[in-house]
Amino acid sequence: QVQLVESGGDSVQPGGSLRISCAASGYIYGIYSMGWFRQAPGKEREGVAAIYIYLGSSSTYYADSVKGRFTISRDIAKNTLYLQMNSLKLEVTGMYYCASDQSGMTRIRGTLSTKGYNYWGQGTQVTVSS
């Protein structure tokens, strides 16, 4: 199975930028999708951005609320997934989780659905405040 470790979370001011990372290790083969999810206090975990990587694909998907401001990418050589976040707003505060799908469920559930993923990291906190 794959192990996922997020890093890079921080406290930033509105309008600022931040890049968070997710290092994958272990059995990293056969991954269909990888995604970033956010969970704010008292709210359900929601999909922010995802990338479908099966068989060399690199299709990306974003929640409407972050389109044009967030960019998901990956460094294949480093087995690392990134989320570049620009023009940060107060409402994006939360714990950010990295996830991977090694069962193919994102093809059925969607790449931004938590139900599509079977491996999760521990999360990294992003706080936007003035």
How about [X] and [Y]: do any of their side-chain heavy atoms sit closer than 4.5 Å?
| X | Y | value |
| --- | --- | --- |
| I51 | L81 | yes |
| L88 | L18 | yes |
| M105 | N118 | no |
| V92 | R69 | yes |
| Q102 | V2 | yes |
| Q125 | T93 | yes |
| I72 | M34 | no |
| Y62 | T71 | yes |

What's the spacing between [X] [atom1] and [Y] [atom2] if we round to 0.5 Å?
| X | Y | atom1 | atom2 | result |
| --- | --- | --- | --- | --- |
| C98 | F37 | SG | CZ | 9.5 Å |
| M95 | Q122 | CE | CD | 9.5 Å |
| I20 | E6 | CD1 | CD | 8.0 Å |
| S59 | I53 | OG | CD1 | 11.5 Å |
| T124 | L83 | OG1 | CG | 11.0 Å |
| T127 | Q13 | OG1 | CD | 13.0 Å |

field: Sub-6.0 Å ring centroid separation between W36 and F70
entry: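 That pair fails the under 6.0 Å test.
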
- request: Examine Y119 together with Y117 and report whether their ring centres are nearer than 6.0 Å.
  value: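 Ring-ring flag for Y119/Y117: false, centres at least 6.0 Å apart.
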
Heavy-atom closest contact ([X] atom, [Y] atom, distance):
| X | Y | answer |
| --- | --- | --- |
| L112 | A63 | CD1-N, 3.8 Å |
| T80 | S21 | CG2-CB, 4.1 Å |
| S129 | L90 | CA-CD2, 3.8 Å |

When hydrophobic residues are tied together by side-chain contacts of less than 4.5 Å, even through go-betweens, does [X] share a cluster with [Y]?
| X | Y | answer |
| --- | --- | --- |
| Y54 | I28 | no |
| V48 | V126 | yes |
| I31 | L55 | no |

- prompt: Do we see a donor-acceptor contact under 3.5 Å between the side chains of S17 and N86?
  reply: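 Per modelled atom types, S17 and N86 side chains form a pair under 3.5 Å.
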
task: For S33 and T106, test the side chains for any donor-to-acceptor distance below 3.5 angstrom and give the result as yes or no.
output: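 Yes, T106 and S33 have a side-chain donor paired with an acceptor closer than 3.5 Å.
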
R19 charged N/C atom sitting above Y82 aromatic ring, 6.0 Å / 45°: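 So R19 does make the cation-pi contact.
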
- prompt: Between R45 and Y97, is NZ or CZ placed under 6.0 angstrom from the six-membered ring centre and within 45° of the ring axis?
  reply: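 Judged by the rule, R45 and Y97 form a cation-pi pair.
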
Set of residues satisfying side chain to side chain donor-acceptor pair (under 3.5 Å) with respect to T60, sequence neighbours excluded: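 With neighbours one apart ignored, the set is empty.
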
- prompt: Would T111 and Y32 count as a side chain to side chain contact (heavy atoms under 4.5 Å, CB included) if you check the C-alpha gap in whole Å, the side-chain angles of each, and the deciding distance to 0.1 Å?
  reply: CA-CA 9 Å; T111 55; Y32 289 83; over 6 Å; no

